[in-house]
There are 2 protein chains.
Amino acid sequence: MLTIGDLSRKTGVKIPTIRYYEQMGLLDAAERSEGNQRRYAAPERERLSFIKHARELGLTIEAIRELIDLSAHPERPCEEADRIAAEQLTAVREKIEKLRRLEKELKRIATRCAGDQIKDCYVIRALAHHDMCESDH
Amino acid sequence: MLTIGDLSRKTGVKIPTIRYYEQMGLLDAAERSEGNQRRYAAPERERLSFIKHARELGLTIEAIRELIDLSAHPERPCEEADRIAAEQLTAVREKIEKLRRLEKELKRIATRCAGDQIKDCYVIRALAHHDMCESDH
DNA sequence: TCATTTTCTATAGTGACTAGAGATTGGCCA
DNA sequence: TGGCCAATCTCTAGTCACTATAGAAAATGA
Ligand SMILES: [Zn+2]
Ligand SMILES: [Zn+2]
Ligand SMILES: [Zn+2]
Ligand SMILES: [Zn+2]
């Protein structure tokens, strides 16, 4: 059996985060030692790795909770799981698009300043007036 | 003089957000009517537009506060302002890079599922095992 | 046995808002 | 001038996914 510290080292998930996941219902309430400390075995470690990987891919706690619930029913159709992944892909693509628009404007704003005093600073002026922007964002 | 509602409509910044910016020190404490309601004139409106545009470009409240402080000293060199913009550009580019890596993996995960039951679902398996990923993320 | 490390619970803080409750004020119409 | 309703006021709490702290208890090693 692993202590919470062991589990933390093996998975790379910080101890308070493991407890937080338990509180959020992503991890089942852990078994306890005689002295009330959490003890873990392989299945919990696997689930935590799943959670960690899903979080690294940007899925929300709520989405991960749904996926875990789905995993408990191996015979059911996997449409829901596929939909969650597809939605996350869409969300990531939308974020990239937004950031690309920001990057375009910021590149101009951050590289075009020729003045050396605040009162002539292109950065300050460009931030004050969206009409200096080339597109919406 | 504009009421907070007028200012909100003209700038597109919600009323509670305007009060929040005042609390955070981005807007000076507003003038008040006899009945203690906030009243605004053109300079406050311009500052709020500045704040809004900067927020739309992803700058933090803290960065905006610095820029506003700098604006109060028109004769000073604008290096600091230029640095803030450059840092924001760098931050945006890093976010894009991270998201692009996620997109690559998510595209594979979200489009490769052929099974129709949870127990065969590629999404669930791929989330459980990072070694199925093509790169780090 | 003692000291050190680990773990426990509970609470508060992060950033940038957003939502609500309950009390006042403003402006319009009769 | 009264009445009414929308707008505004302050204050508190909620959001998300953690992270940090305090003070107490348990586990480990010499
Ligand atoms: Zn400049
Ligand atoms: Zn703009
Ligand atoms: Zn599937
Ligand atoms: Zn991976």
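Sequence lines set the chain letters: A, B, ... in the order given, protein chains first and strands last, and positions in each chain run from 1.
We find that CD1 of B:Ile18 is positioned 9 Å from P of D:dC9, with the value rounded to whole Å. Counting to the nearest Å, the P atom of D:dA6 and the CZ atom of B:Arg9 are 14 Å from each other. When rounded to the nearest whole Å, the span between CD1 of A:Ile15 and P of D:dC18 equals 16 Å.
How far SG of A:Cys133 is from CD of B:Glu56: 8.5 Å, rounded to the nearest 0.5 Å. For the atom pair OH of B:Tyr122 and OG1 of B:Thr111, the computed distance is 8.5 Å after rounding to the nearest 0.5 Å.
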Residues 61-68 of chain A side chain polar contacts: donor-acceptor under 3.5 Å, at least two apart:
unit_1	atom_1	unit_2	atom_2	d
A:Glu62	OE1	A:Arg65	NE	3.3
A:Glu62	OE1	A:Arg65	NH2	3.3
A:Arg65	NH1	A:Met24	O	2.2

Taking distance alone, no hydrogens or angles, what donor-acceptor pairs closer than 3.5 Å link side-chain atoms of residues 34-48 of chain B to residues at least two apart or in another chain?
unit_1	atom_1	unit_2	atom_2	d
B:Arg38	NE	B:Glu22	OE1	2.9
B:Glu44	OE1	B:Ala41	N	2.7
B:Arg47	NH1	B:Leu26	O	3.1

Without placing hydrogens or testing angles, list every side-chain donor-acceptor pair under 3.5 Å for residues 83-91 of chain B, not counting sequence neighbours.
unit_1	atom_1	unit_2	atom_2	d
B:Arg83	NE	B:Glu80	OE2	3.0
B:Arg83	NH1	B:Glu87	OE1	3.3
B:Arg83	NH1	B:Glu87	OE2	2.7
B:Arg83	NH2	B:Glu80	OE1	2.7
B:Arg83	NH2	B:Glu80	OE2	3.4
B:Gln88	NE2	B:Leu57	O	3.1
B:Gln88	NE2	B:Gly58	O	3.2
B:Thr90	OG1	B:Ala86	O	3.0

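For the pair A:Glu103 and A:Arg100, the salt-bridge criterion is not met [side-chain N within less than 4.0 Å of a carboxylate O].
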Test log, rule side chain to side chain donor-acceptor pair (under 3.5 Å), inputs A:His129 and B:His53 = CA-CA 8 Å; A:His129 304 293; B:His53 196 213; over 6 Å; no

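With a cutoff of under 4.0 Å to any heavy atom of chain A, the contacted region of DNA chain C is bounded 5' to 3' by C:dT7 to C:dT9.
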Under 3.5 Å between N/O atoms: give me all the protein pairs with nucleotides 19-22 of chain D, atom names plus distance.
unit_1	atom_1	unit_2	atom_2	d
D:dT19	OP2	A:Thr17	OG1	3.2

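Taking the salt bridge (charged side-chain N to carboxylate O under 4.0 Å, His left out) definition, one finds that B:Asp6 meets it with B:Arg9, sequence neighbours left out. For the side-chain contact (heavy atoms from CB on, under 4.5 Å) test, residues two or more places apart in sequence or in another chain that qualify with B:Gln117 are A:Glu75, B:Lys119, B:Asp120. By the side-chain contact (heavy atoms from CB on, under 4.5 Å) test, A:Lys95 is found to be paired with B:Leu99, residues two or more places apart in sequence or in another chain being considered. B:Arg112 pairs by the salt bridge (charged side-chain N to carboxylate O under 4.0 Å, His left out) definition with nothing, not counting sequence neighbours. Legend: residues meeting side-chain contact (heavy atoms from CB on, under 4.5 Å) with B:Ser8, ordered by chain and number and at least two apart, are B:Ile15, B:Ile18.
Within residues 21-44 of chain B, the residues approaching DNA chain C are B:Tyr21, B:Ser33, B:Gly35, B:Gln37, by heavy-atom distance under 4.0 Å. Listed in residue order, the members of residues 45-65 of chain A having a heavy atom less than 4.0 Å from DNA chain C come to none.
In this structure, the side chain of A:Thr17 does not engage the main chain of A:Val13 through any donor-acceptor pair within 3.5 Å.
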